[in-house]
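All chains are named by letter (A, B, ...) in the order of the sequence lines, taking the proteins before the strands, and each is independently numbered beginning at 1.
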Amino acid sequence: MTVIVNVFARLREQLGTSAWTESVPEGTTSRQLVKVLSEREAAISELENVLRVAVNDEWVQKDRILEDGDEVALLTPVSGG
Amino acid sequence: MTVIVNVFARLREQLGTSAWTESVPEGTTSRQLVKVLSEREAAISELENVLRVAVNDEWVQKDRILEDGDEVALLTPVSGG
Amino acid sequence: MLDSRQSMEIKVDIQAAPLSLDELWAFLAAAEGGGIAIFGGTTRRITGERVTEQLSYEAHESMARREMEKLAVKAGEQWDVLRIGLIHRTGIVPVSEASVLIGVASAHRGPAFEAARFLIDELKVSVPVWKKEHFADGTTEWQGDDWVR
Amino acid sequence: MLDSRQSMEIKVDIQAAPLSLDELWAFLAAAEGGGIAIFGGTTRRITGERVTEQLSYEAHESMARREMEKLAVKAGEQWDVLRIGLIHRTGIVPVSEASVLIGVASAHRGPAFEAARFLIDELKVSVPVWKKEHFADGTTEWQGDDWVR
């Protein structure tokens, strides 16, 4: 199945992209996805400890089981306001 | 000596005037002035217990000794804002 | 607080014209701080079972200006703020319009909120302004039965 | 709080254009309550020893809207308020301009102040928006090193 990965702000700049499609096995959790991405991308690896994940515009726990077509956002600590 | 007496809001309406000149003996205190006025004017008498006094734009104690030319304001409880 | 007290700017006014939020904002924003807190006291339509048509305000203007300035100085002594604006309207204030605008600019939001709250609370206690209710049933009523303090 | 929650109105937006204080005020004043509290987060020129030239903001827009709406609903459950407006700007925000405007209309001032403070505090914790400092010395720096909660 595939999910869409969205990144913002510093992570978007570091990766040079704001979104891409990722193929993952059925049953993949958000934690597993972050793990896979972090092994591939140094920028994600460096931020892995502080990254939080949202799926389809909602905050989710790290072991959320992803579904086909999910929009997964990797979020660095927010600083709005 | 003479002082100017200023009233506002409900007291101004009840008395039908916003200011007048009052002749008082030297050494008259703000408390004595209120007493005299309250004996003459029912509207002031009725409010005597809640009236506070300001002289020349400053809150004063009731026993403030008045001076010639002072502007004495008789103030009902405020309700601005 | 000494630094901010020395450099704090205050703008106080009593006016019959509608209050300009934009002017107040411009004054506050020019401080180039990080936060601006504004409170507007507005004419409320419904109070309990009674319907208000409009309010009117009367002030001991010269004294009210001085008292408002004193409050602003006092707030500047208590909180680290950059600018304070206090404007009270007199005369008729229709429903939903502001009778008073209070604004505080500060480097950070905490002092801005706290000073603004202090200013409106104190203004209602010590500034010689009076409010008259004009109810929809045609009756009117001066507010202020006793002193808060 | 049940009555006001049922009738409370919420306005939330994320936009690149400058935030309109007048529009926010008009929305809040239409509640015909007695008090309006507004907080504006503005770009601060000086932070410690550093001079800021401008800020820029980026949002996860669809999610930020939802989170802001949730916060407004939560505030309406905790305080007796009539209307809540939350607007966040994205892109460049020059010094002294507002990146965020938060407004609360209520029958009385207490809930307006308290809900506004709650909303800005929570917005900074949970709404996916990021701030980038553009310093006068030419360097830039994304803010947000750790989660507040």
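Note on E141(C) versus R50(C): salt bridge recorded, some NZ/NE/NH1/NH2 to OD/OE distance being below 4.0 Å. Ion pair E46(B)/R10(B) not flagged as a salt bridge, since none of the NZ, NE, NH1 or NH2 atoms sits closer than 4.0 Å to an Asp/Glu carboxylate oxygen. Checked for salt-bridge contact, R66(C) and E61(C) miss the test: no charged N lies under 4.0 Å from a carboxylate O.
Chain C forms the most heavy-atom pairs under 4.5 Å with one residue out of P77(B), A54(B), G80(B), and that residue is P77(B). Considering only heavy-atom pairs separated by less than 4.5 Å from chain C, the leading option among S79(B), S18(B), A73(B) is S79(B). Contact count versus chain B (heavy atoms, under 4.5 Å) is highest, among E58(C), E67(C), K131(C), for E58(C).
With 3.5 Å as the limit, one finds a donor-acceptor pair spanning the side chains of W142(C) and E13(B). Between the side chains of Y57(C) and S99(C), a donor-acceptor pair is found at a separation under 3.5 Å. Side-chain contact, E97(C) with T43(C): no donor N or O sits under 3.5 Å from an acceptor N or O.
Contacts between N6(B) and chain C at a heavy-atom distance below 4.5 Å are absent for every atom of the residue. Using a 4.5 Å cut-off between heavy atoms, R52(B) touches chain C through backbone and side chain atoms alike. Contacts of A59(C) with chain B are made by backbone atoms alone, with heavy-atom separations under 4.5 Å and no side-chain atom involved. Both the backbone and the side chain of H60(C) have a heavy atom closer than 4.5 Å to some heavy atom of chain B. In this structure, chain B has no heavy atom under 4.5 Å from any part of V148(C).
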